[in-house]
Amino acid sequence: MFGYIKPMTSELKVREHELYKSVYCGLCAAMGEHICQSNRFTLSYDIVFLALVRTAMTDEPVHVEKRRCMVHPVKKRNRAFIPQALEYCSRAAVLTFYNIADDVTDTKGAASIRSRLLLPGAKRFLKKADSPEMEKKCADLLKKLSELEASGGSLDRNADIFGELLGYIFSYGLENTANYEAAKAMGYHCGKWIYIIDACDDFEKDKARGEYNPLSSFDSLPVEMLRISATLELADAKKAFDSAEIKNQAIASIITNILTLGMPERQDMIFKENEKNERSL
């Protein structure tokens with residue numbers, strides 16, 4: 001995944017930070033249990049965010065215990081047990097297979113070599129995930145996105161498809177619940193934000209390598225325009241989250257931190273880095 005969706009840990013309360021880390025550890029263990037141990041290496045902050053949102057939207061109880069694991073065999077660490085949410089996210093994480101497959105198609109050099117090496121393992125992960133309905137939907141949307149990118153589709157249109165993909169993943173299985181629309185909208189706007197930020201983050205690198213980027217028609221990154229677009233997507237994601245019926249206020253506080261502090265912080269870092277590169281030219 002992309003790794004852009006992180007909290008601003010300095011603004012989390014101690015108990016919130018501990019809860020966040022326990023969900024991270026719990027998800028890592030669940031990925032090993034439900035898929036395979038090597039799949040734990042695909043864990044990202046984005047999937048942890050999905051686990052937090054899933055827990056909040058379903059109001060599944062969170063049980064935390066101190067456990068050892070193969071990564072931390074000496075000292076016990078807090079691990080969250082949220083069986084349904086973490087199993088779902090473990091299976092959804094396998095859909096990073098499609099990001100790897102897309103990487104094989106669209107990149108050259110070392111990135112493509114890395115992706116080809118990972119691809120056989122990713123196919124095994126996908127089989128173990130046993131989610132054919134989700135697999136087909138995601139494959140269809142990513143094929144559509146790939147076709148748009150190949151034809152030079154606009155940033156907004158491309159981001160719309162990626163938003164639709166995350167909206168589907170965030171809301172899958174919640175169709176008959178009160179929070180279905182909120183989860184879908186939240187995923188959609190987070191997906192659009194990720195696509196915009198990823199395009200900005202890769203702009204200079206893609207330009208130097210002559211690779212595709214939805215912003216490649218610009219000589220330099222239109223920072224202010226993109227900042228406004230990305231900020232609006234975050235505002236809409238927060239609005240969607242606020243419309244949901246959430247009982248677990250500890251989880252809600254972490255999600256609010258991510259949407260209002262962590263993601264904007266990452267956004268500003270990327271734009272500032274680009275502005276710095278522009279001044280150095």
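The OG1 atom of T9 lies 11.0 Å from the CD1 atom of I258; values are rounded to the nearest 0.5 Å. Taken from CE in M31 to CG in L86, the straight-line distance is 10.5 Å, to the nearest 0.5 Å. Put simply, CG on N257 and OG on S10 are 8.0 Å apart, with the number rounded to the nearest 0.5 Å. S146 OG to I161 CD1: the interatomic distance, rounded to the nearest 0.5 Å, is 12.0 Å. Atom CD of E11 and atom OG of S253 lie 12.5 Å apart (nearest 0.5 Å). C200 contributes atom SG, which lies 13.0 Å from atom CD of E273 (distance to the nearest 0.5 angstrom).
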### Task
Could you walk me through whether V23 and Y20 pass side chain to side chain contact (heavy atoms under 4.5 Å, CB included), step by step?
CA-CA 5 Å; V23 173; Y20 180 82; 5.9 Å; no
### Task
Would you sort out whether M134 and K137 count as a side chain to side chain contact (heavy atoms under 4.5 Å, CB included), showing the intermediate values?
CA-CA 5 Å; M134 190 186 304; K137 178 68 173 181; 5.8 Å; no
### Task
Show your reasoning for whether side chain to side chain contact (heavy atoms under 4.5 Å, CB included) applies to K6 and D46.
CA-CA 7 Å; K6 298 169 62 176; D46 304 328; over 6 Å; no
### Query
side chain to side chain contact (heavy atoms under 4.5 Å, CB included) between I255 and M186: does it pass, once the steps are laid out?
CA-CA 11 Å; I255 294 171; M186 192 177 174; 3.7 Å; yes
For residues 12-19, which side-chain N or O atoms pair as donor and acceptor with protein atoms under 3.5 Å away, sequence neighbours left out?
unit_1	atom_1	unit_2	atom_2	d
E16	OE1	K13	N	3.0
E18	OE2	K21	NZ	3.1

Expected list for residues 214-234: side-chain donor-acceptor pairs under 3.5 angstrom, two or more places apart:
unit_1	atom_1	unit_2	atom_2	d
S216	OG	N213	O	2.8
R227	NH1	D268	OD1	3.4
S229	OG	M225	O	3.2
T231	OG1	R227	O	2.7
T231	OG1	Q267	NE2	3.1
E233	OE1	H189	ND1	2.8
E233	OE2	K192	NZ	3.4

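A search for salt bridge (charged side-chain N to carboxylate O under 4.0 Å, His left out) contacts involving K75 returns nothing, not counting sequence neighbours. Looking at residues two or more places apart in sequence or on another chain, you find no salt bridge (charged side-chain N to carboxylate O under 4.0 Å, His left out) involving K184. For the salt bridge (charged side-chain N to carboxylate O under 4.0 Å, His left out) test, no residue two or more places apart in sequence or in another chain qualifies with D206.
For F203, the CZ atom counts as densely surrounded, since its 6.0 Å shell holds more than 12 non-hydrogen atoms of other residues, nucleotides or ligands. Atom CD of Q84 has 12 or fewer heavy atoms from other residues, nucleotides or ligands within 6.0 Å.
Counting heavy atoms from C-beta outward, E60 and P83 have side chains that approach closer than 4.5 Å. You'll find the side chain of F81 stays beyond 4.5 Å of the side chain of V64, heavy atoms only.
Closest heavy-atom contact between F49 and C190: CE2-SG, 4.0 Å. Closest approach of Y88 and I169 over heavy atoms only: OH-O, 2.5 Å. Nearest heavy atom pair, residue Y180 against residue L174, reads CB-O, 3.1 Å. Heavy-atom minimum distance, C89 versus R54: SG-CB, 4.4 Å. Contact detail for L259 and F241: the closest heavy-atom pair is CD1-CB, 4.2 Å. A51 approaches L27 most closely through the heavy-atom pair CB-CD2, 4.3 Å.
No donor-acceptor distance shorter than 3.5 angstrom exists from the side chain of N248 to the backbone of A56, with no hydrogens or angles considered. Listed for the Q249 side chain is a donor-acceptor partner under 3.5 Å among the backbone atoms of I246. Looking at R79, its side chain does come within 3.5 Å of a backbone N or O of R68 through a donor-acceptor pair.
Linking Ile, Leu, Val, Met, Phe, Trp and Tyr whenever their side-chain heavy atoms come within less than 4.5 Å leaves Y4 and L261 in two separate clusters. Hydrophobic clustering (side-chain heavy atoms under 4.5 Å, transitive across Ile, Leu, Val, Met, Phe, Trp, Tyr) groups L142 together with L50. Put simply, Y45 and M8 are part of two different groups of oily side chains (I, L, V, M, F, W, Y) that touch within less than 4.5 Å, one to the next.
A salt bridge does not link K144 to D140: none of the charged nitrogens lies less than 4.0 Å from a carboxylate oxygen.
The side chain to side chain donor-acceptor pair (under 3.5 Å) pairs that include a residue from residues 157-179 are E133-Y172, R157-D160, N158-Y195, N158-Y212, D160-Y188, where partners are two or more places apart or lie in different chains.
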